[in-house]
Amino acid sequence: MVKKDALIFYDRYTVETTADFLDLEIRNPVSVPVPIAGGSPLPRPGLKNAARLDIAWIGRLADFKMPILLYTLKRAAEYARNKRKRVTFHIIGSGPGVADINRFGISHEFFEIRLAGIVDGEALDSYLRDRVDVVAAMGLSALEGAKLGLPTILLDFSYTPVMTGYKFRWLFDSPHNDLGHYLTGADYEPGNDSLERMMNALETDYLALSDRTYQYCRSQHDIDAISRTFLEIVRGTKLRFGDIPPDIIKKKLFRQTYDNLRYYKKPTLMAPLGRWLWGDD
């Protein structure tokens, strides 16, 4: 696929992970950022209420997304208590991770978690415009806030609990069109106050943060420009379906077993194990 110009990567980290996992060299990788349809920037952006802060997570509540969400909730709750500032954390999405959030028990007099469930399309834009000051998310979900000019904190994913010292960063400070990557030691700095500094900046520099976020999203991820680039690459590929060895697309035993566990809607002997691994959602 690489030799025939048929493999497209959306950021540098995907290139590096693929090359490392497959132990191959990928020369001159083709890169196309994740696109999103443009939105209109907030009219006269600023905190909705100077006495409080509204943060929103957008995304599925499951698997590798949960560790960073739980860590962000914990750090936001600490910020609210130390600053004695009211913070509401809106969680937009659904999944088995709701149970983990309900068990977390970190709400206090200054910190509230609000489970909004699934909100999408124009309803999501309206929800964010009317109720949210800052978004914390990964992947395409991060762009849902950025396209509106909402300052956006880019989060990374992990399959294990996130350790103390994770370095938070703005979306526009992330290089190579990164929309979240697998956490490594480089993402930690013991004792850092990155989240506190970002929360304080929302009070003093909201307009500048909003403008930088919106302009970054337009320049790096606007679908009009990206679609033209994508179509040019598609026209230039030399790969045809018949070039793919049939054995590659045949499910092996491991994948068949995974599917039996993951999709247990039909009664099978694997159903109890599937429910234990992935919950009842």
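Everything numeric here is computed off the predicted structure, so don't read it as measured data.
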> For Phe9, does the CZ atom have more than 12 heavy-atom neighbours from other residues, nucleotides or ligands under 6.0 Å away?
Replying inline: yes
>> Using side-chain heavy atoms (C-beta onward) and a distance below 4.5 Å, is Trp57 in contact with Val135?
In response: no
>> Please check if the number of heavy atoms outside Arg81 that lie under 6.0 Å from its CZ is greater than 12.
In response: no
>> Could you measure the distance from the CZ atom of Phe172 to the CG atom of Leu209? Nearest 0.5 Å is fine.
In response: 5.0 Å
> Less than 4.5 Å apart, any side-chain heavy atom of Ile36 and any of Ile226?
Replying inline: no
> Would you find a donor on one side and an acceptor on the other, under 3.5 Å apart, between the side chain of His221 and the backbone of Pro33?
Replying inline: no
> From Ile68 CD1 over to Met138 CE, what is the distance, rounded to the nearest 0.5 angstrom?
Replying inline: 6.5 Å
> Of all heavy-atom pairs between Ala116 and Ile92, which one has the smallest distance, and what is that distance?
Replying inline: CB-CG1, 4.1 Å
> Is any side-chain heavy atom of Met66 less than 4.5 Å from a side-chain heavy atom of Leu61?
Replying inline: yes
> When you check the gap from the basic side-chain N to the acidic O, do Asp156 and Lys65 get nearer than 4.0 Å?
Replying inline: no
> In terms of heavy-atom contacts, does CZ of Arg218 have more than 12 from other residues, nucleotides or ligands at under 6.0 Å?
Replying inline: no
>> Between Arg12 and Glu16, does any side-chain N to carboxylate O distance fall below 4.0 Å?
In response: yes
> Measuring from Thr164:OG1 to Tyr188:OH, what's the distance to the nearest 0.5 Å?
Replying inline: 9.0 Å
>> Students often mix this up, so state it plainly: with edges at 30° and 60°, are the rings of His176 and Tyr13 parallel, tilted or perpendicular?
In response: perpendicular
> Looking only at atom types and distance, does a side-chain atom of Asp133 sit under 3.5 Å from a main-chain N or O of Lys48, one as donor and one as acceptor?
Replying inline: yes
>> Would you say NZ of Lys250 has more than 12 non-hydrogen atoms from neighbouring residues, nucleotides or ligands within 6.0 angstrom?
In response: no
>> Salt bridge check, Arg86 against Glu112: does any charged N sit closer than 4.0 Å to a carboxylate O?
In response: no
>> Are Trp170 and Tyr216 linked, directly or through intermediate hydrophobic residues, by side-chain heavy-atom contacts shorter than 4.5 Å (ILVMFWY only)?
In response: yes
>> Using 0.5 Å steps for rounding, measure from the CG atom of Asn200 to the CE atom of Met198.
In response: 11.5 Å
>> To the closest 0.5 Å, what do you measure between CG (Asp222) and CG (Leu143)?
In response: 11.0 Å
> Just by modelled atom types, is the Ile58 backbone N or O under 3.5 Å from a matching donor or acceptor in the Ser141 side chain?
Replying inline: yes
> Would Asp173 and Arg212 count as a salt bridge (charged side-chain N to carboxylate O under 4.0 Å, His left out) if you check the C-alpha gap in whole Å, the side-chain angles of each, and the deciding distance to 0.1 Å?
Replying inline: CA-CA 10 Å; Asp173 283 334; Arg212 286 190 67 183; 3.8 Å; yes
>> For the CG atom of Leu53 and the CZ atom of Phe110, what is their distance to the nearest 0.5 Å?
In response: 14.0 Å
> In terms of heavy-atom contacts, does CG of Asp243 have more than 12 from other residues, nucleotides or ligands at under 6.0 Å?
Replying inline: yes
> Under the ring-ring contact (aromatic ring centres under 6.0 Å, His included) rule, what pairs show up with a residue in residues 130-154, not counting sequence neighbours?
Replying inline: none
>> Does Phe64 form a ring-ring contact (aromatic ring centres under 6.0 Å, His included) with Phe157? I'd like the steps, not just the answer.
In response: CA-CA 6 Å; Phe64 56 83; Phe157 63 90; 5.3 Å; yes
>> Is there a side-chain contact between Ile91 and Ile113 in this structure, where contact means two heavy atoms from C-beta onward sitting under 4.5 Å apart?
In response: yes
> Quick check: does any side chain N or O of Arg84 sit under 3.5 Å from a backbone N or O of Ala80, one acting as donor and the other as acceptor?
Replying inline: no
>> Taking Arg169 first and then Asp178, would you say they form a salt bridge - that is, a charged N and a carboxylate O separated by under 4.0 Å?
In response: yes
> Under a 4.5 Å side-chain heavy-atom rule over Ile, Leu, Val, Met, Phe, Trp and Tyr, are Val98 and Ile106 clustered together?
Replying inline: yes
>> For a quick check under 3.5 Å, do Asp187 and His181 share a side-chain donor-acceptor pair by atom type?
In response: yes
> Do you know the tightest heavy-atom contact between Ser210 and Pro151?
Replying inline: N-CG, 4.0 Å
> Could Asp125 and Lys147 be called an ion pair, given the rule that one side-chain N must be under 4.0 Å from one carboxylate O?
Replying inline: yes
> Any ion pair linking Lys83 and Glu78 (charged N to carboxylate O, less than 4.0 Å)?
Replying inline: no
>> Has Ser174 got a side-chain atom pairing as donor or acceptor with Leu179's backbone, closer than 3.5 angstrom?
In response: no
> Between Asp193 and Glu196, is there a donor-acceptor pair closer than 3.5 Å when you use the side chain of the first and the backbone of the second?
Replying inline: no
>> Within the 4.5 Å heavy-atom criterion, are Val234 and Phe230 side-chain neighbours or not?
In response: yes
> More than 12 foreign heavy atoms under 6.0 Å from NZ of Lys252: is that the case here?
Replying inline: yes
>> With heavy-atom distances below 4.5 Å as the criterion, would you say the side chains of Asp54 and Leu47 are in contact?
In response: no
> Do Asp20 and Thr17 have side-chain N/O donor and acceptor atoms under 3.5 Å apart?
Replying inline: no
> Would a distance-only check, ignoring hydrogens and angles, find a side-chain to backbone donor-acceptor pair under 3.5 Å from His90 to Arg114?
Replying inline: no
> Is the Phe168-Tyr166 ring centre distance short of 6.0 angstrom?
Replying inline: yes
> Which pair of heavy atoms, one from Leu148 and one from Tyr214, lies closest together, and at what distance?
Replying inline: C-CD1, 4.4 Å
> Is there a path of hydrophobic side-chain contacts, each under 4.5 Å between heavy atoms of I, L, V, M, F, W or Y residues, that connects Ile244 with Leu24?
Replying inline: no
>> I need the minimum non-hydrogen distance between Ala142 and Thr152, along with the two atoms involved.
In response: O-CG2, 3.5 Å
